[in-house]
Every structure is written in C-alpha cells, then in structure tokens.
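A short write-up of the structure that comes next.
Letters A, B, ... mirror the listed sequences (proteins, then strands); counts begin at 1. Side chains included, hydrogens not; waters and symmetry mates left out as well; all remaining heavy atoms used. All values derive from a computational prediction rather than experimental measurement.
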Amino acid sequence: MRGGRRKRNDDDDENGFAQWGGYMEAKKAKLMEQYREQTVKSAEKVSDVLKGIAIFVNGYTKPSSEELKILMAEHGGVFHTYQVASTTHIIASMLPNVKISKLGNVPIVKPGWIVDSITLGRVLDYSNYLLYSNQSRTQPKLKHYMKSADVQSKNITKSRPISPDLFESNEFDEEVEFKLSESTEDEMKISKIIDSKRVLENNGINALTKTAYEGKISIDESKSKSVLENNSINASTKTASDPSFLAEFYNNSRLHLIATLGAEFKQLVNDMREKNTGKYPGLEAITKREVNNKSVGSIVMHIDMDCFFVSVGLRSRPELRGLPVAVTHSKGGPSRSNVDRRREIEMYVERLPEGADCRLEAIDNNSSLSEIASCSYEARKCGVKNGMFMGAALKLCPNLKAIPYDFEGYKQVSSILYKTISEYTLDIEAVSCDEMYVDIGNILQKTSFTVQEWAGHIRSVIKARTGCPCSTGFGANRLQARLATKRAKPDGQYYLKPELVEDYMSEMPLSELPGVGRATLIKLKNLGFETCKDIQESSLTVLQKEFGSKSGESIWDQSHGVDKKALCYEHERKSVSAEVNYGIRFKNEEEALTFLQRLSVEVKNRLLETGMKARGVTLKLMVRAENAPTETAKYLGHGVCDSLTRSVMLPTATEDSQVIYREIKGIYEKLKQPYQDLRGVGIQLTRLEKAVVMNSFMKSFLSKPSTKVETKKDVSFQQKSIIKEKTFKEDTTINEENKENTIEVKPPMRASGRGRPRGSKNGTKLVRKSSNELSNYFKSTQKDRPKVKQSKCDIDLNVLNELPEDIRKEIIKEYNLDKGKKLCKSTNWKRKR
DNA sequence: ATCCTCCCCTAC
DNA sequence: TAAGGTAGGGGAGGAT
Ligand SMILES: Nc1ccn([C@H]2C[C@H](O)[C@@H](COP(=O)(O)OP(=O)(O)OP(=O)(O)O)O2)c(=O)n1
Ligand SMILES: [Mg+2]
Ligand SMILES: [Mg+2]
C-alpha cells in the first residue's frame, strides 16, 4: 500500500442522474483530464478469466463500483472510470431510460455477470444478464476485446515516494520565521536570540529555507473525508471478505501509516548516506570561519515532534490551539454499538497479569472505542494519553476536541523534518516518522555553537518550515538524549549534562525507561522496584536472574544512565510482514483463503520493494478466545483472542506470492482453526536474502511460461538437477488437480552466496554445498538446516514417485512435521492505554 | 555453546 | 461503530 495510500477522486457515481445533457459532458470532460484505466494497487492478478472485458459501472451496484474495480483487476479485466470506445460492457443494476439512451450500443449488464463468471472461472454469456431484454444480444466485437486488452495497463497514481532526489529540489521558498512560541525552558530564550542573529548575519540559510508550511497544507483531509463518504453506501458491515477491504483498511490505518513511514525514512537515510555528496548547505551556512580544532566528542541529539498528528492538524485550525485536542477517527459522539461489553471486559480483566491495576473505563456500553492517535498537551493535563480510547478520554476530559487524520500532511512534515536535518549531517538514526537520533559532534565543532544554540537554531528552522513544534534532548548517549527530550517537551530543549546524570537518574521512575513497558513495570513493581535508585541499590545478578541476561543487564545499565548501544545509521531489514487484526469475520473457509491470498500478494509487494527474497514464511492467527463473545465490544475489532504462529522454511528464497500463498495455505490448514473464530491474520517473511539480479538469459528462460516437461517422461538427461528443482519446485501445488501432468521447470534460484549466516557472532558460516550427488544434496540440506519445516504440499508427488526408494523415504521423513499446536494468551492488545 | 521455533514485549 | 500495524530485541525450552 505504500505510496498509494490516498485514493484519488473516485469513480463513484453519486446517483445524481443526468437531468440535462450538459451534465454528462461536463462530468466526462472533468474525468477526461484524469482519465486512467484503473487498476487497484492492492489488487493483483489472480486469474485471466475476464481478459478482454472492459467495464464501466454506472450507478449504484452490488458489488459496488469499488469492489468491481478490484475484481476486474484481480481477474484480468479492465475497469473504466467512464465509458470510452473500448468499453465492452456497462455494468448497472438499474438505470432510468434517459440515461440508457445516452449509452449507445454497448450492452448494459447486471453485475452478477461478472461475479458469476469469476465464480465459474469462465466468461458466461452475458445475454442472460442483460439489464433490459430488448438489448442486442451480440457479443462485442473481437476488435474490442483486443483493443481493451492491449490498453489494459498501469497508471496508478501514487503519492510521491520519499526519495533523496526529492530532497534535491528547492522545496522551501519562504523566509524562516524565527519566533518561537513561548518555551518552557528558560535557558533557550537566550539561544533563540543568539541564534536568529547569527543566521541572519550568515544569511546562508535563506538559500535552503523556502516555502512556509502555510501555503502547503495538504488537501488530504478533504480527501480522507471523501473516502469515508464514498464508502458510506455499503460501509455498514464491510469486512475482510470484501475485495476492497484490504486497501481501504490500510488507507485508514494510522498504525500502518507510521510503520510504513518509519521504514521509508530508515531507507531514506540509507539512500542518502549511500549517495552522499558531502554537501551540507545548512551546516555550511552556520559554519564558523576560523578553524576550530577542538573536538567536542560525540554528543547525541534526540529530536521528536510534539504531539505530532495534533500539531499537523492544528496548522489549519489555529482556533483550537491551547485547547485539549485529539486525533481520532471518532467524531466524539457515542458509540453506536449495541453489543453488551461486560463479558468481554470481564475476560479482559481475567487475563491481566497479576498485579496490574485495572481501571475499567470501557464498561460504559456507549463510549467510543476509537483510539486516539495523538493528543495535545492540554489534553494530557487531564490524563489523556496517546492510544487511549476516545470514550475513556472524554470521561477524563469532557471538552476534548476531536480532529480528523491528515495522512498526507504527516508525510509532508516528516519529509521536511528529515530533509532539514540532512542538510546538516547524515549521521542520523531514524526512529520513526517524527523522531530520530543525530550525532552532532561534528556540527558543534564546525559551528562553535553551544548545545543550546544549536538546539535553538534547528528547532526554529523546523518550526518555520513545518509549522509544527518539536523538542530536542542532548546527552552523552542515546538514553540520556532521549530522557532529555522527555523533559524538554513540549516545544523545548534540554541538555542532560554528564555531571548531572547520576542525580537525574536516581529520581527517575522505572516507567520512564525506554523498553520498560507495562509488563516489565508490573514485574518490577512486584519485586519492589519503583525507581532507578531502587535498581542501583540492587545487583546486576538479581536483575539478570529475574529478567534474563540481556534484559537484566539493560535495566541495570539504563538505571545508571548507561547505554552501550551506538547510533545505528544504516539499517538492514530482517523481516517483512503484513497483518490485519480488524474486520476479520469470515463466513466460510473460502473467504479465509481468499483473504490469505490477497495478503500474500500484499506482503510479496512489500518484499519486492525491499529488493529481497525470503526463505522463512510465518502465518500468524488471532483466534477468538474460548468463551469470548462473538461480537466484540469494538466494532469489527479482534476482542479477546489467543494468538498463534507457525512457520516454514523454504529450501530456496522466494519473492513469488503464489509460493508464499501455497505455504500459508498449508500452514493454515494444519492449524485447523475454525474460520468463524478468526479475528486476525498476518504473514511474516524472514530470512531475507538479496534478490539475485537476473541476467537476460535467465530472464528469458524464466519468462517462458510454456517451458513444461512431461512428468512421466524419462528425465535422465540432466536428471539430477531437474529433479532437484522439481522436487522443491515453487510453482506446483499438488492440491490443485487442474495441473495436468506437467510441471514447470525453473533454473536454480538459489541465491548466489546465501545471505548472512544467522546470528552467530563468531562467523561460523553455514554454507550450503551445492552437490551434484542427489543424496548429498539432501544430506547437506539437512545438515545446514536441522529442523527445517516444510509443508508437504511443496513436494510434487509425481516427482517423488520417480525417486529411488531410499531417497523417497528420506524426504518423507524429513518433511514429516507435526507438532501439537500450542495456544498462548494474546495479551498485546490489552496493553493499550 | 549455539541454533531453532514460538512466543512475549516494546515502541512509534 | 471503526480502520487494533509492524519491526526488532529477547527469553524459554528443545535439538544438535
Ligand atoms: N499509540 C500511538 C502512538 C503514536 N501514534 C502516532 C501519533 C503520534 O503523533 C505519532 C508520534 O508518536 P509520539 O510517541 O512521538 O507521540 P506524539 O508525537 O503524539 O507526542 P509527543 O509530544 O509525546 O512526542 O505516532 C499513534 O498513532 N498511536
Ligand atoms: Mg512525538
Ligand atoms: Mg516520536
């Protein structure tokens, strides 16, 4: 969903039928400008059933226009935003005569034709689905078919991806506004003045400081409203079973947004560092002339936007400044739910870890369970927190004002934040879309700024460019910098000097330490630890015994203000995943599998963007807990669940959604969970390896879909290697009976020099030997990967039967996995608030 | 010891 | 109504 998260103006026919001729023409002209053959980002081809068919949906239909768009894309058809020459069919459920007469000779067909054709896997005679029986019954000409099939293509609007190139253009075209809003930190007032003076003198910042945020406030909000409105027709109970669900869900998920933005900015830092030009215009503008040899050493800056989503939202709502404000999907009204929440809450409490203090604010059957993504500091004074339910927050703060999301705005501001910092240094560790660590040793040395001067400078630039306040913290390590930011907020700066660390830490409640969350806090509390001082007076050994070796040491270190982890500028992704724990309500097994198929495509697309292939495939399910109510308190939420995961290791890395899906399907069936009780599903890919860049020979070899081999035929020529490939073939599913007796042969896809060896610090490499000897091949596989799990459906039985008895036995043995399934309490979701 | 799988936890 | 994702650190316990 990356990049395409905002829908463009949609094809929805608003049901305002043409009263007069000019309307259609006007509408058409308008649409003409933005004409596209529509395919949907998240929809990937599943079949070619509808090849050659190009539809235009007129008026309200069921499935909806949006859903038909996806179905067309999934099955090789074309969806037209409006009727054009190549439109082969018009889909409508009902049309007034006046409209029909304008549509020409193209048959008007009921939507059931599409649905039934897909269901039966072939194009049915549409004459049985004509909306009006007096229509012509001839099929559209073949010419039409060809044309539309040819035209069928691409053209998906995306919001601009974050790329280093973007940062080369002059994004900013207005003077920096130096005034800062009143600060909580006295010390920074001085630096403010010094700072603006210096910048004015240097005047260099102007070159890179343009475009105030005011002129660039995104129009995203109006769009996001229209997304909601567009779907209001059938949004009443849209679940994951609907074809358009996945796209819509991700389009509205804030957590998905911040997760993907975070990954994008990490990648951006990678990219910028790779193509490092050595040019830092911001830094140059404030660099002192005289050479300063005094090295400052490394000082870590942590910078974080203040109540990020709220600040972005307030740029266009100045009248709400100073008031308690929250960003949420809910409008603040009462929940329309008529579900009795008591039982779910009881179970929720039951499952709380021992020692947890349970405040039950959700008991009210009508309070909104929409989560608050971000709340203003005024709201925080009442006890409102990010992640809290709106209903609960309203009880703490009755005049809390709700404002809508502005996803595009967040992305813009984040981009400016990263662009701005990157004009001074690339020693950046991206944490999230609103937050990063920066080594400012070099900056301080070049500019002779004090920490406070630098903080004032960078904060004023960011404020001027984005219209949003941020805070910065400084310290000798990341922990100290981060804690300093906490103290600086909101709209402030603080340097936790080394000599103050000891005192500062001893008063610190353990809950403040990063990495100490709800569960750890309870455990600490039960052990009698409240503050870092308590820990200091304990011992490393005790902590390690209680929390494990690493975790114990981490708590110990942090309580002393110690953080041994250096900033990590370059980052390498270790996994790619996609999950949905909302709206999962399958009515039958097939719906579940269809959704898993879509999710496979989704996760494959994400993998593709990383340029990696994956060996590990994991399925994660959230299953309604025993005795948990079927209807969750939160509308379409997951409720109280058990979660379980199971994984397989592929013999060879893949980037093929069909391979992924086949594995997932195998695992899913093995887990034997009733589809009715599924409340969440996720697919995770691990063991990532660099995708091999194929040469043209390999490509052309691979692209021949017709390269098939009769299974029954003697394969003695090149026998061994072919068998190897076939045995672990990625493209054959034994469950699919339609596969005749042929299989495709692919060249070896084993990555050249497999990815990094796992984990082992001492460099003990596990290298797969590639052997010509079949038995050796299997042996080495087994040796390299003890306990490799592999679903049986990976093996082509036809091929298996060709093998000598002993080898066949060996394979069967190796692939025979079956662990009793385990259930474990899923507690994560409860930790919100 | 070190790996693996299946969790749990945390952060944004 | 509501949009409860995602990546990484790490522990327990079993296999080697
Ligand atoms: N449970 C959460 C936490 C955060 N966010 C989003 C909204 C936040 O604005 C953004 C940044 O998270 P921060 O932790 O930085 O929180 P804020 O920026 O909102 O506030 P602060 O001033 O404390 O940084 O991430 C979210 O959607 N849900
Ligand atoms: Mg923030
Ligand atoms: Mg943050």
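Under the rule for a ring pair (Phe, Tyr, Trp, His ring centres under 6.0 Å), A:Tyr377 has no partner lying at least two apart in sequence or in another chain. Take A:Tyr569 and apply the ring pair (Phe, Tyr, Trp, His ring centres under 6.0 Å) test, not counting sequence neighbours, and it matches no residue.
Phosphate contact (OP1/OP2 of B:dT5, side-chain N/O of A:Arg646, threshold under 4.0 Å): absent. Under 4.0 angstrom from either OP1 or OP2 of B:dA11 there lies no side-chain N or O belonging to A:Ser432. Contact annotation: A:Arg482 does not reach the phosphate of B:dA11 (side-chain N/O to OP1 or OP2, under 4.0 Å). Residue A:Arg254 has no polar side-chain atom (N or O) positioned under 4.0 Å from OP1 or OP2 of B:dC12. The side chain of A:Ser551 contributes an N or O atom lying less than 4.0 Å from OP1 or OP2 of C:dG11. A close approach under 4.0 Å does not occur between any side-chain nitrogen or oxygen of A:Lys620 and OP1 or OP2 of C:dG5. Residue A:Ser577 places at least one side-chain N or O closer than 4.0 Å to OP1 or OP2 of C:dA7. Between A:Arg687 and B:dC4 there is a side-chain polar atom (N or O) within less than 4.0 angstrom of OP1 or OP2. The side chain of A:His329 places no N or O atom within less than 4.0 Å of a non-bridging phosphate oxygen (OP1 or OP2) of C:dT1. Listed pair A:Ser370 / C:dA3 meets the phosphate criterion, a side-chain N or O lying under 4.0 Å from OP1 or OP2. An OP1 or OP2 oxygen of C:dT1 is reached within less than 4.0 angstrom by no side-chain nitrogen or oxygen of A:Asn338. Distances shorter than 4.0 Å separate some side-chain N or O of A:Ser368 from OP1 or OP2 on C:dA2. One finds a side-chain N or O of A:Tyr250 lying less than 4.0 angstrom from the OP1 or OP2 phosphate oxygen of C:dT6. Checking the phosphate oxygens (OP1, OP2) of C:dG4, a side-chain nitrogen or oxygen of A:Ser253 falls inside 4.0 Å.
If you measure from atom CG of A:Asp642 to atom P of B:dC8, you get 9 Å, rounded to the nearest angstrom. Distance, A:Leu685 CG to C:dA7 C1': 13 Å, rounded to whole Å. Atom P of nucleotide B:dT5 and atom CG of A:Leu650 are separated by 12 Å, given to the nearest angstrom. The nearest whole Å value for the distance from the CD atom in A:Glu248 to the C1' atom in C:dT1 is 14 Å. With rounding to whole Å, A:Leu678 atom CG is found 19 Å from C:dG4 atom P. A straight line from CD of A:Gln544 to P of C:dG11 spans 9 Å, rounded to a whole angstrom. Nucleotide B:dC9 holds its C1' atom 16 Å from the NZ atom of A:Lys550, rounded to whole Å. Summarising the geometry, the separation between CD1 on A:Ile683 and C1' on C:dT6 is reported as 14 Å, rounded to the nearest angstrom.
Nucleic acid contact class of A:Gly515 (heavy atoms, under 4.0 Å, all strands): sugar-phosphate only. A:Val339 comes within 4.0 angstrom of nothing in the nucleic acid, heavy atoms only. Using a 4.0 Å heavy-atom distance criterion, A:Phe547 is classed as a sugar-phosphate-only contact. Within the 4.0 angstrom heavy-atom criterion, no nucleotide atom of any strand lies near A:Thr618. At the heavy-atom level, A:Glu435 lies under 4.0 Å from the strands shown only through sugar-phosphate atoms.
Side-chain atoms of A:Asn252 do not come within 3.5 Å of backbone N or O of A:Phe249 as any donor-acceptor pair. The backbone N or O of A:Glu591 sits nowhere less than 3.5 Å from a side-chain atom of A:Ser241 that would complete a donor-acceptor pair.
The side chain of A:Ser643 has B:dC8 as its nearest neighbour among B:dC8, C:dT6, C:dA7. Of the candidates C:dG4, B:dC9, B:dC6, the closest approach to any side-chain atom of A:Ser647 belongs to B:dC6. Distance from the side chain of A:Met649 is smallest to B:dT5 among B:dC12, B:dT5, B:dC6. Picking from C:dA2, B:dC12, C:dT6 the nucleotide with the shortest atom distance to the side chain of A:Lys634 gives C:dA2. Comparing C:dG4, C:dG9, C:dA3 by their closest approach to the side chain of A:His638 singles out C:dG4. The side chain of A:Phe389 has C:dG4 as its nearest neighbour among C:dG4, C:dA7, C:dA3.
Along DNA chain C, the nucleotide closest to A:Ser330 and the one closest to A:Glu579 are compared, and the more 5′ of them pairs with A:Ser330. Comparing A:Thr328 and A:Ser554, the nucleotide of DNA chain C nearest to each residue sits closer to the 5' end for A:Thr328.
Nearest heavy atom pair, residue A:Phe586 against residue A:Ala240, reads CE2-CB, 4.1 Å.
A cation-pi geometry, defined here as NZ or CZ lying under 6.0 Å from the six-membered ring centre and within 45° of its normal, holds between A:Arg606 and A:Tyr250.
Salt-bridge formation is detected for the pair A:Glu553/A:Lys564: a Lys NZ or Arg NE/NH1/NH2 atom is positioned less than 4.0 Å from an Asp or Glu carboxylate oxygen.
Residue-environment remark: NZ (A:Lys523) exceeds the threshold of 12 foreign heavy atoms within 6.0 Å.
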